[in-house]
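As a basis for the values below, the full set of heavy atoms in this structure was taken, side chains included, without hydrogen atoms, waters or symmetry mates. Owing to the predicted nature of the structure, the values given are computational and were not obtained by experimental measurement.
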Amino acid sequence: MPDIVPRCRVNVPFTKEQIKATFRGCDRDRDGRLSKEELNAGFQRLDSHLPCWRAWWALHRADANGDGYIGEGELDDLVKYAFKQGYKVK
């Protein structure tokens, strides 16, 4: 009789580097900053339950200069916020 090995999913948390790369990949216009729509796309890629709300909240928390975008200097704060949410690679 063959051995039957059950398949199980192992959910591994995203690293900060993976999260950063995910958001950089969402910079559609390649201007070096992330709009609310681009943040929404990033949170969708991370499989966020409510990506639009996460994008709004991330913008509120990480947009230090208040210009409505996450620039390169603010990206680390965005990554810290997203990392705390505990998104997992599926």
Asks: Please round to the nearest 0.5 Å and tell me the distance separating atom CZ of F83 and atom CG of D76.
Replies: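 The CZ atom of F83 sits 13.0 Å away from the CG atom of D76.
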
Asks: Give a yes/no verdict on a cation-pi contact between R33 and Y69, requiring under 6.0 Å between NZ or CZ and the six-membered ring centre and an angle within 45° of the axis.
Replies: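 Output yes; distance and angle both within limits.
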
Asks: So which atom in R54 and which in S48 form the shortest heavy-atom distance, rounded to 0.1 Å?
Replies: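 R54 and S48 have their closest heavy atoms at CG-OG, 3.2 Å.
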
Asks: Do you know the tightest heavy-atom contact between F23 and G42?
Replies: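 Distance-wise, the nearest heavy atoms are CE2-CA, 3.7 Å.
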
Asks: Taking all non-hydrogen atoms of both residues, which atom of L78 and which atom of A62 are closest, and how far apart?
Replies: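 It is N-CB, 3.7 Å.
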
Asks: To the nearest 0.5 Å, what is the distance between CZ on F14 and CD on Q85?
Replies: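 F14 atom CZ to Q85 atom CD measures 13.5 Å (nearest 0.5 Å).
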
Asks: About how many Å separate CG of L75 and CD1 of I70, when rounded to the nearest 0.5 Å?
Replies: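 These two atoms lie 8.0 Å from each other.
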
Asks: Check the pair T22 / L46 against side-chain contact (heavy atoms from CB on, under 4.5 Å), numbers first and verdict last.
Replies: CA-CA 8 Å; T22 298; L46 294 172; 4.2 Å; yes

Asks: Specify the closest pair of heavy atoms between A82 and Y87, including all atoms of both residues, with the distance to one decimal.
Replies: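 Looking at all heavy atoms of both residues, the closest pair is O-CD1, 3.5 Å.
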
Asks: So does D47 pair up with K90, basic N to acidic O under 4.0 Å?
Replies: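 Yes, charged N to carboxylate O under 4.0 Å.
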
Asks: For a side-chain contact (heavy atoms from CB on, under 4.5 Å) check, start with the C-alpha distance between R61 and E74, then their side-chain angles and the critical distance, and finish with the verdict.
Replies: CA-CA 10 Å; R61 294 189 48 135; E74 300 161 326; over 6 Å; no

Asks: What verdict does the salt bridge (Lys or Arg N to Asp or Glu O under 4.0 Å) test give for E72 and R24, after you've listed the backbone C-alpha separation in whole Å, the side-chain angles of each residue and the deciding distance to 0.1 Å?
Replies: CA-CA 9 Å; E72 190 63 34; R24 281 188 174 150; 2.4 Å; yes

Asks: Looking only at atom types and distance, does a side-chain atom of D63 sit under 3.5 Å from a main-chain N or O of G68, one as donor and one as acceptor?
Replies: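 Between the backbone of G68 and the side chain of D63 there is a qualifying donor-acceptor contact (under 3.5 Å).
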
Asks: Work out which heavy atom in A41 is nearest to a heavy atom in C26; give both atom names and the distance.
Replies: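 For A41 and C26, the tightest heavy-atom pair comes out as C-SG, 3.8 Å.
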
Asks: If every non-hydrogen atom of K16 is compared with every non-hydrogen atom of V79, which pair is closest and at what distance?
Replies: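 Between these two residues, the closest heavy atoms are O-CG1, 3.6 Å.
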
Asks: Of K36, E37, E38, which is the lone residue that meets side-chain contact (heavy atoms from CB on, under 4.5 Å) with L34?
Replies: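 Option passing the side-chain contact (heavy atoms from CB on, under 4.5 Å) with L34: E38.
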
Asks: What is the distance from atom CH2 of W57 to atom CZ of F43, rounded to the nearest 0.5 Å?
Replies: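 Spacing of CH2 (W57) from CZ (F43) equals 12.0 Å.
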
Asks: Has N40 got a side-chain atom pairing as donor or acceptor with C52's backbone, closer than 3.5 angstrom?
Replies: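 Yes, N40 side chain to C52 backbone: donor-acceptor pair under 3.5 Å.
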
